[in-house]
Amino acid sequence: FGGGAAVGGGRTKAKLTCGGLGVLLNAATTVDASGATVTRYTVIADALRRLCELASTHDVYVITVCASDADEAEIERVLAAHGAFEPGRLCRDKVLYCETVPGKAHIARHIEPHTHVDSDSESFRLLQPHVPAMLFIAAGAQQLGDGEVVAATIASISPS
């Protein structure tokens, strides 16, 4: 477990997977005037900054559960608007999507991360037997100090 991508000097980066919602992104669902359900995504800025810092020492994958291709496109747009895909930050090809929590766990297991960060207890339960280091972000933690708890938890991951 925990293999990684080669970096300068032949060294490999430890793989880190991260649930998107509740760790990097918040989602709010509303119903518009036509009765259609609309989900708005917002970035937890401190968490994004910390994950981008970790990308220099870790092979970072973000796995987000969402309902549609339109949601995927909106998440990509929001992340890009916050500079997430600029050089030296997150790799767009490592921001992954699925429709279910078991799907997220399945993707993470195939990546074989050393560390997984998540706010979803089911993901945590499914991955805990298979991932050496797990960090759980408690529900509502991102409301405490506008992401400071999430960022502090992510920041506690030390380079391997």
*Side-chain heavy atoms under 4.5 angstrom apart, residues restricted to Ile, Leu, Val, Met, Phe, Trp, Tyr: same cluster for V131 and F136?*
yes
*Locate the shortest heavy-atom distance separating G22 from I137; write the atom from each residue and the value.*
O-CG2, 3.8 Å
*Interatomic spacing from CD in E72 to CD in E99 - rounded to 0.5 Å*: 8.5 Å
*Heavy-atom closest pair, residues D71 and A67*: OD2-N, 3.4 Å
*Examine L51 and Y41 and state if one hydrophobic cluster contains both, with Ile, Leu, Val, Met, Phe, Trp and Tyr joined whenever side-chain heavy atoms are less than 4.5 Å apart.*
yes
_Backbone N/O of I111 and side chain of K15: donor-acceptor pair under 3.5 Å_ = yes
*side-chain contact (heavy atoms from CB on, under 4.5 Å) between K94 and V62, intermediate numbers included*: CA-CA 6 Å; K94 294 179 182 176; V62 177; over 6 Å; no
*Is there a donor-acceptor contact under 3.5 Å from the side chain of S119 to the main chain of L21?*
yes
*Can you tell me how far the CZ atom of R89 sits from the NE2 atom of H82, to the nearest 0.5 Å?*
10.0 Å
*Going from CG on L79 to CG on L24, what distance comes out if it is rounded to the nearest 0.5 angstrom?*
5.5 Å
*Nearest heavy-atom pair of P113 and P132: which atoms, and what distance?*
O-CD, 3.5 Å
*hydrophobic_cluster_shared for F85 and L25, side chain cutoff 4.5 Å*: yes
_Any donor-acceptor N/O pair, K13 side chain to A55 backbone, under 3.5 Å_ = yes
_I'd like to know if R92 and E76 make a salt bridge, using a cut-off of under 4.0 Å between side-chain N and carboxylate O._
yes
*Identify the heavy atoms of V23 and I44 that sit nearest to each other, and give their distance.*
O-CD1, 3.5 Å
*Of the non-hydrogen atoms in I63 and C98, which two are nearest, and what is the gap between them?*
CG2-SG, 4.2 Å
*Within a strict 4.5 Å, meaning less than it, do heavy atoms of the I75 and Y97 side chains meet?*
yes
*Drop me the distance from T39's OG1 to E74's CD, to the nearest 0.5 angstrom.*
9.5 Å
*Identify, with sequence neighbours excluded, every residue that meets side-chain hydrogen bond (donor to acceptor under 3.5 Å, both in side chains) alongside D69.*
none
*Please report the closest heavy-atom contact between D118 and H116, naming both atoms and the distance.*
OD2-NE2, 2.8 Å
*Give, for atom OG1 of T17 and atom CE of M134, the distance between the pair rounded to the nearest 0.5 Å.*
7.5 Å
*Cluster overlap V43 with V95, hydrophobic side-chain contacts below 4.5 Å*: yes
*Is L16 linked to L126 within one hydrophobic cluster, defined over Ile, Leu, Val, Met, Phe, Trp and Tyr using a side-chain heavy-atom separation of less than 4.5 Å?*
no
_D59 side, atom CG; L54 side, atom CG - distance, nearest 0.5 Å_ = 12.0 Å
